[in-house]
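A quick note: this is a predicted structure, and the numbers were derived from the prediction, not measured. Letters A, B, ... mirror the listed sequences (proteins, then strands); counts begin at 1.
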Number of protein chains: 2
Amino acid sequence: MRRNPERRAALIDGAIEVLAAEGARGLTFRAVDTAAKVPPGTTSNYFASRDELLTQAGGRIYERLLPDAATVARHQEGTQDRARYAELMHELIDRISAFNVGYVALLELRLEATRRPELRAVLTERIRQDIDANIAYHAASGLPGDAKGVLLLYLALNWLIVERLTLPDIFTEQEAHDLVALAVERLVPEDG
Amino acid sequence: MRRNPERRAALIDGAIEVLAAEGARGLTFRAVDTAAKVPPGTTSNYFASRDELLTQAGGRIYERLLPDAATVARHQEGTQDRARYAELMHELIDRISAFNVGYVALLELRLEATRRPELRAVLTERIRQDIDANIAYHAASGLPGDAKGVLLLYLALNWLIVERLTLPDIFTEQEAHDLVALAVERLVPEDG
DNA sequence: AACGTAGTACTACACATGGAGTGGTGTCAA
DNA sequence: TTGACACCACTCCATGTGTAGTACTACGTT
């Protein structure tokens, strides 16, 4: 088993590309070799099985979808009211759109998790952490609304992203934008 | 090309099973033969290409996910208030859960639509019709709330179903149930 | 500076799998 | 008898895996 860490990372990123482009079933060692532009056989040398590749991709995608520290810091400036909340949600969606390959790959992984308990465990852990972090962040931020509102926004925005990514003609960009604003308006109770 | 319509239907239903179990990439003629319990080669004789199979499956799934006429009729009885609305949403989720293979297959198709314009067109058309029908049904029903509320519920409930189907340990059944109730409460403005 | 060594990159091959498509035969009903 | 379909068997082809063997590079030793 080879150990060059940059190569490993490049291969995992290649795996994410393949997931988005070909689906979970299309994730073969050779396809990853091609996507990562390394000679055929390389991925075989770095990963023992497809499962390993899938679970590691599951971990890595999430890292790349989360905001970086600078973004988080910036979010803490300014008044934390409902308009601000909506602004944050728009930014969230923009950020994910910028890495939509990752989001599609994550959906593929979710579906594959239906069939692979180990992958399911990894994703469950990751996503639970993310949800908890969102709720904790909200509680600490001084933003209006409650934890339930965070959850409901999580639900609505996720599907909105799915809709925009998979069937972009269902909602126009403008409609999607308005739905985000409206979701915040209705799901986040105003402070008294 | 063979024409026996029952066989065609059985093959399409087989294709839906395969989609859920193996993913879009696993949808091969032979796999459909196996799922539909017909001799190998049969699907080849009924469909010219995988594309044909995919688009026809896309049409058929939606038929099977929609409520039957009796259910729709039953929904029009009783007072049409917000409690009733929540009840309808719970029923909707139960109905989809009863055919979760279909829902998973539909998700696979959505992802595949990313890569196949023809399939994307079919799904876009179908789903737009469904959304429009929901809004029209709501308007005619006397239920509280507005069209935007219908859309926002559509978003939130869809992702809730995804979450329950792909990573069932994220929300318990009880939590999911409560989220549905709360979504209705917040997204559906009460009548004045 | 020459040499040896370890780890890795690259290439090529042997093997296995699985799916597509089709021709031929059997069967049933009009 | 004929036509349409079901069923079966066979060939061809594409793709992926794992690994053995070779080449390269960096580094430490004397």
B:Asp51 CG to C:dA20 P, straight-line distance once rounded to whole Å: 13 Å
Whole-Å distance separating the CZ atom of A:Phe29 from the C1' atom of D:dT19: 13 Å
Pairwise side chain to side chain donor-acceptor pair (under 3.5 Å) hits with a residue in residues 142-157 of chain A, at least two apart: A:Asp146-B:Arg186, A:Tyr154-B:Glu163
Salt bridge B:Arg64-B:Asp13, side-chain N to carboxylate O under 4.0 Å: yes
Integer-rounded Å distance: D:dT17 C1' and A:Phe47 CZ: 16 Å
A:Thr28 vs D:dG16: side-chain N/O to OP1/OP2 distance below 4.0 Å: yes
Pair listing, side chain to side chain donor-acceptor pair (under 3.5 Å) test, anchored in residues 35-50 of chain B, at least two apart: B:Asp33-B:Thr43
Separation of atom CG in B:Asp33 from atom C1' in C:dG18, rounded to whole Å: 13 Å
Salt-bridge present (A:Glu108, B:Arg115; N to O < 4.0 Å): yes
Donor on one side chain, acceptor on other, B:Asp132 and B:Tyr137, under 3.5 Å: no
Lys/Arg N to Asp/Glu carboxylate O, A:Arg25 vs B:Glu22, below 4.0 Å: yes
Integer-rounded Å distance: D:dG16 P and A:Leu53 CG: 14 Å
Between P of C:dC10 and CG of A:Leu11, the distance in whole Å: 11 Å
Value in whole Å for how far the P atom of C:dA9 lies from NZ of A:Lys37: 18 Å
Between the protein and nucleotides 4-11 of chain D, list every N/O to N/O distance that falls short of 3.5 Å.
unit_1, atom_1, unit_2, atom_2, d
D:dA6, OP1, B:Asn4, ND2, 3.4
D:dA6, OP1, B:Tyr46, OH, 3.2
D:dA6, OP2, B:Tyr46, OH, 2.9
D:dA6, N7, B:Arg2, NH1, 3.1
D:dC7, OP2, B:Arg7, NH1, 3.3
D:dC7, OP2, B:Arg7, NH2, 2.4

